[in-house]
Amino acid sequence: MVKIEKIKNNIVLPIYAFIFAFFIGGLVIVFSDPEVMSNIKSPGKFLTSAGAKIGNAYLAVFQGSIYDINLARGESFFKGFYPLSETIVTATPLILTGLAVTLAFRSGLFNIGAQGQFIFGAIGASYVGFHFDLPPVIHPIASILAGVFLAGIYGGIVGLLKAKTGAHEVIVTIMLNYVAGFFILWLLKTTLFLRPGRIDPIAPEVSENSRLPLLLGKDLRIHAGIFIALLAALFVWWLLAKSTLGFKFRAVGSNANAARSAGISIPFVTTLTMVLCGALAGLGGAVHVLGTEHALTSGIGGSLGFDAITVALLGRAAPLGTVVAAFLFAALRTGGVTLQSNTGTPAEIIQVIQALIVLFIAAPALVKGIFRLKNTSAEKTLTAKGWNG
Amino acid sequence: MSLELKAITKTFGDLTANDSIDLKVAKGEIHAILGENGAGKSTLMNIVYGLLQADSGSIWVDGNEVKINEPSDALNVGIGMVHQHFMLVPVFTVAENIVLGHETSKRGLLSLTEAKEQINKIATEFKFEINPDDLIENLPVGVQQRVEIIRALMYEAKVLILDEPTAVLTPQETDELLNMMKILKAKGTSIIFITHKLREVKAVADKITIIRLGKVVGIASPSTTQEELANLMVGRPVDLSPNRSISNVGANVLSVTNLNIYDFAGRAIIKNLNLDIKAGEILAIAGVQGNGQTELVRAIMNLEENTTGSVKLEEVEILGKSVNQTLDSGIAYIPESREVDGLIGSFTIAENLILDTHDTKPFASFGQLSATDIASNATALKKEFDIRAQSIFDTANSLSGGNKQKVVLARELSRTVKLVVAAQPTRGLDVGSIEFVHERLLAERNAGRAVLLISTELDEVTALADRIAVIYRGEILGVVDSSVTREKLGLMMAGIK
Amino acid sequence: MHNLTVQQRRQLRGLITMFVLTLFGAYVFYFNSDKTEPITFGFIVGDEWKLIKEWVIVSKTGAGIFLSLSIVGVLVGYLQLRSKRTLSLSSFIFGFSFIMAFLCWAASGKFIPFTGLLQGALMLSVPLIFGSMSGLLCEKSGVINISIEGQLLAAAFVSGIVASLTKSSIWGLVAAPFAGALISLLLAVFAIKYAVDQVIIGFVINVLVIGFTGFIYTELLIPYEATWNTGPSFSAIAIPILSKIPIIGPVLFNQTIIIYFMYLIVIAIQIALFKSRWGLRTRAIGEMPIAADSVGINVNRLRFWNVILAGFVAGIGGAYFTVGSVGGFTKQMTAGAGFIALAGLIFGKWTPKGAVIAALFFGFADNLQGTLTIIGVPIPSEFMLMVPYVATIIAVSGVVGRVRAPAADGIPYSRGNK
């Protein structure tokens, strides 16, 4: 019984949260559009124009993220799936950085630092990718390992500081994100990283050998990185659910006092967790450079750090949930680009909708109140701990 | 002022904590409410004080019905309470704590002068020694309790609820408190005295209401015998002095030499402490809460950071090892707080049963957990330790206090150990669970293991221990035989040799 | 070592760090320095009394003087440690002279507008101070506030729009606190009523505000700029006489009205928190809510209003970005100031005084970086930009002493949650 309720809770609740978030997002779109608002005095006209505005906007999001019939017209049916390929390409780093947040959550840590860790992963992979000349297969592996290694250290610093001095990881990771941001700015000005003949901050392209193979031909950007991301998710699932290490992680995350009394070393768990989280986010950075971007730029991290957290929260700090959430958010993101180019509605609305979704999911009581759902006993929310915890 | 409760009922989920409870307290009466842990006494008093709301029933003061929805309502009608877990802000001074909620301001700024004068006045009247500018966190628990009492008196409480007030006191301090209750009574204050200690009830109460499983099961007068009261309280005859057969005392198992423990600010909490425990004996550490026993246990388990000296288990130094190595060296550890240190509430019973053995065979191989071995271990232990739960996959949170403690016992005692460290193993448990814990600890002793028992309950200490070490302000004041008198123990607990 | 308290041990470590840094400075800025050009410190920015106009000194000599002074700082620290006092005076002497020695070395042959440097530092720290006061009000009452960034940004956004629509910077300033309070309302409802994890809710609020303001900015503020985003801004008000004092005058007393508000608010919070009934109750609900509840204080109501008040305070700080300086709003114009404010609060050990000092330090580091980049110094500007962030990491890692948040900070209160 409890299990069914739990599943219902994990599926029904997010669906309601989505509906509600899109509804409010629609209101924002309508009320900020002077053209639609100029019709406000005649309700009929207002409603039709508002409906058209919202309809077009969300249609554009769909076309931009899943299937665009305009692309297929006159060509093959599959051409229309170009947006889906883009969604998967966007989802790949989101899955990996999301996992970096999810894993930390389960050990009782809030990793806001996926951004910085991602950047260091990208730096490592990019450097090995363009600087060395290695045979195929070996080159991408070496590049990825370099990124994972750098980012693992960068994440590990956080864990080590927390373990040794009690420095709160939220503060340290926020600060390290800034440090990473400035570091990459500086790095791209150095002769080591600046692409010859350029003055804007961009590194040389990684060599052909080091790139991740494309999966569906040259026209689509989808590459093997998605498999790496899914394998990583599988690994995190195994780690948390099946391994002794994961047992320690979960024990510390659920009740650090009891874990410590039972002989589990908290400094060890904290440090190792952050190393692994850094490695996961770094893997994201490496895959993104080797598979999608091919060249390091100062903006490589984008807003991935923030997105990773929203993804992990939406995925309720579970590996499978994180994967699903990453696909959903990736679809929204890629859809947002089309939204802006097709209808002129700014893509930031997607960010608003994402935040609203997480907001409603974080407060199940609120959504249940609105939709008059029954309260279930198997309520799993991420618990509050505070600075001292 | 008289207080009457009519048909108070309060449920938490499936549990009925108070089942239509009636209570009549006359003006100037000391009314004891007697019941074992979990009987629903504290729930009832929290309802009277406004910290909880009853599902049904009414509260009457001097013949008029009153609605108490908030503590402020209770304070307004003249009900004061000294809580079992003190309601004092640790980083505030005595005066700040006492004025909190009833502050006086001068030109918009807080004024403590009047309050300090009043505190000194009450303190002199009752011969307390108290400095209004001391920080609460630096005061011994007995003094903290006096702060709560002074606060209630300053609010002019006409009905004073004392919730298990003697749990943190030495026998002598207890006597002082009982005396004070009599003085207050003479002044016309009504007192509700919550306790599970029969001796104290008989000493001061005018009337006794006995509660069992949320119901009033009897109203007695102080002339009722202890046996009858105990019978009513538990619902069956109880004998809390278990059979302690002669056991074969062997060689030293644990030797603590010159142990010092320092707190965060560098102050010594335990000073040059020496202690020996032999195989086949129970050594109890008796003392008022907060005299360093918590830290002593944690230091032995290597959970404390600033320690010097030596702790040897069978001649092998263990101080400074990791907690894991300490457990592996052959110590079973029953922590003081099962919810905080003993169990992980969101984990299943099965998971909690392998908390400290999860990475050893058969539960783990090559870094992977073996679900079948974990389950069969849990099934076996559930049966052996009579853990009452529907399934081994229920979470620890869903268990009652007694069953939680059984999970901890099952986990710790199922390992092969030389020493059992049991800190306050029966705190907050019902009589049935207490008996179970006592039996298991005695069985360990009889099987030739050394047992270190830390308890603030004198009855428990004298019933179980072969030898009793009394701790006072971080030092062992002396080690005595278990035949020692209560008075002697009480004096030692107060620091008098 | 056991006869030293943990705090003293940490102070000793701090003192040793100061000493090592001084030695390092002595090597780099003096013994190994070949900079013989003069450095000029300028003190005049306006019409203040011209008592000292500028100070010219040879780079290496200046570094030598200030390094000797920082040795004095270390010695004072040693004496303070011996007499079991805190190292505040010595830290100040050391910090000041070390930075000056660094400047003498780095800006050899250049002109340093000293007063302007301080003036800019104060201006950069204004939003940080407002933000950390907002955090303080929340966290002292037991609610973690990660959403300072969102409060600042929302207030900057609203005040910019209101000022533009009304063509009045005063209306912009009036509207800003309400925008901050609205964001606080969101935090309060979710954190207090729905008991959602406060770090998470604060985080999500930030994303929401960044997204929403970004959306409206692109949708309305850019295409209809003339109506929506051309607000006026305040000009500085010189306080008679006080503003004429050299150095201090132009820095402290020739500023916009928002900065004068800031002085009042900081002083008011410092006094009210430790000397008033409200302050006692606020600290009580942040430390041990159940104790406050048991004496009749409505914990969640007080928390609610304190969180709202915090939004109000942050809102004024948000207005500083628009009507307080440039007038118009730009996307994400707060650029992480809310997070730095949060760090300052922790750096300052959850006290108003400490938070202000931390904010001033961050502001100074930020402005110093800007100044040095302009005059051109041998250190990449990116590393200078990292200074506040690295300093925060060092601070929370225990150099400033173990910082403890209010005991109940971040824990929702309900009577079941004892």
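Only heavy atoms go into these numbers, but all of them, side chains included; no hydrogens, no water, no symmetry mates.
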A.B. asks: Which region of C:L220, side chain (C-beta onward) or backbone (N, CA, C, O), has a non-hydrogen atom less than 4.5 Å from a non-hydrogen atom of chain A, or is it both or neither?
C.D. replies: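 Answer is side chain: those atoms of C:L220 sit under 4.5 Å from chain A.
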
A.B. asks: Just verifying a value: how many Å separate A:T165 OG1 and C:I394 CD1, rounded to the nearest 0.5 Å?
C.D. replies: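 One gets 11.5 Å once the value is rounded to the nearest 0.5 Å.
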
A.B. asks: Heavy-atom cut-off 4.5 Å, strictly under: side chain, backbone, both or neither for A:I157 against chain C?
C.D. replies: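 Interface part for A:I157: neither.
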
A.B. asks: Please look at A:I174 and chain C and tell me whether the side chain, the backbone, both or neither of the residue comes under 4.5 angstrom of a heavy atom of that chain.
C.D. replies: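 Just the side chain, heavy atoms under 4.5 Å.
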
A.B. asks: If I take atom CE from residue A:M175 and atom CE from residue C:M386, how far apart are they, to the nearest 0.5 angstrom?
C.D. replies: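 Going from CE on A:M175 over to CE on C:M386, the span is 14.0 Å.
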
A.B. asks: Of all the heavy-atom pairs spanning C:I216 and A:S32, show the shortest one and how long it is.
C.D. replies: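 In this case the closest contact between C:I216 and A:S32 is CD1-CB, 3.7 Å.
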
A.B. asks: A:Q354 versus C:V207: any side-chain heavy-atom pair under 4.5 Å?
C.D. replies: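 Contact flag for A:Q354/C:V207 side chains = no.
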
A.B. asks: Under 4.5 Å from any heavy atom of chain C, what part of A:K164 do you find: side chain, backbone, both or neither?
C.D. replies: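 No part of it gets close to chain C.
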
A.B. asks: Taking atom CG as the centre, does A:L192 end up with more than 12 heavy-atom neighbours from other residues, nucleotides or ligands that are less than 6.0 angstrom away?
C.D. replies: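 Yes, because the 6.0 Å sphere around CG of A:L192 holds more than 12 heavy atoms from other groups.
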
A.B. asks: By a 4.5 Å heavy-atom criterion (distance strictly below it), what part of C:Y224 contacts chain A: side chain, backbone, both, or neither?
C.D. replies: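 The side chain, not the backbone.
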
A.B. asks: With a 4.5 angstrom heavy-atom cut-off, could you sort out which part of C:K331 is near chain A: side chain, backbone, both or neither?
C.D. replies: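 Just its side chain gets close to chain A.
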
A.B. asks: On a heavy-atom basis, which atom in C:V204 and which in A:A355 lie closest, and how many Å separate them?
C.D. replies: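 In terms of heavy atoms, the two residues are closest at CG1-O, 3.2 Å.
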
A.B. asks: Would you please indicate yes or no on a ring centroid separation below 6.0 angstrom for C:F339 and A:Y178?
C.D. replies: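 No, they do not, as the ring centres are separated by 6.0 Å or more.
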
A.B. asks: Are the side chains of C:I200 and A:F105 in contact, using a 4.5 Å heavy-atom criterion?
C.D. replies: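 SC-SC contact between A:F105 and C:I200 confirmed.
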
A.B. asks: Among C:V390, C:V209, C:I210, which residue forms the greatest number of heavy-atom pairs with chain A at distances under 4.5 Å?
C.D. replies: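 Among C:V390, C:V209, C:I210, the one with the most close pairs to chain A is C:I210.
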
A.B. asks: Are any of the side-chain heavy atoms of A:F182 and C:F383 separated by less than 4.5 Å?
C.D. replies: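 Not touching, per the 4.5 Å side-chain cut-off.
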
A.B. asks: A:Q340 versus chain C, heavy atoms under 4.5 Å apart: side chain, backbone, both or neither?
C.D. replies: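 Contact with chain C involves the side chain of A:Q340 alone.
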
A.B. asks: How close do A:I29 and C:F215 get, heavy atom to heavy atom, and via which atoms?
C.D. replies: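 Closest approach of A:I29 to C:F215: CA-CZ, 4.1 Å.
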
A.B. asks: What's the spacing between A:L359 CG and C:Y194 OH if we round to 0.5 Å?
C.D. replies: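 The CG atom of A:L359 sits 10.5 Å away from the OH atom of C:Y194.
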
A.B. asks: So which pairs with a foot in residues 302-314 of chain A pass side chain to side chain donor-acceptor pair (under 3.5 Å), sequence neighbours left out?
C.D. replies: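 Residue pairs passing side chain to side chain donor-acceptor pair (under 3.5 Å), neighbours aside: A:S303-A:D307, A:S303-A:R333, A:D307-A:R333.
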
A.B. asks: Tell me, out of A:N177, A:L356, A:I309, who's got the most heavy-atom pairs with chain C below 4.5 Å.
C.D. replies: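 So the answer, after comparing A:N177, A:L356, A:I309, is A:I309.
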
A.B. asks: Do any of residues 341-349 of chain A have a heavy atom less than 4.5 Å from a heavy atom of chain C, and if so, which, in residue order?
C.D. replies: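 Near chain C, by residue number: A:G344, A:T345, A:P346, A:E348, A:I349.
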
A.B. asks: Out of A:L185, A:I350, A:I112, return the one with the most heavy atom pairs under 4.5 angstrom to chain C.
C.D. replies: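 Of the candidates given, the most pairs with chain C belong to A:L185.
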
A.B. asks: Non-hydrogen atoms of chain A under 4.5 Å away: do they reach the side chain of C:A335, the backbone, both or neither?
C.D. replies: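 Looking at C:A335, just its backbone touches chain A.
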
A.B. asks: Heavy-atom distance under 4.5 Å to chain C: side chain of A:F110, backbone, both or neither?
C.D. replies: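 Side chain only.
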
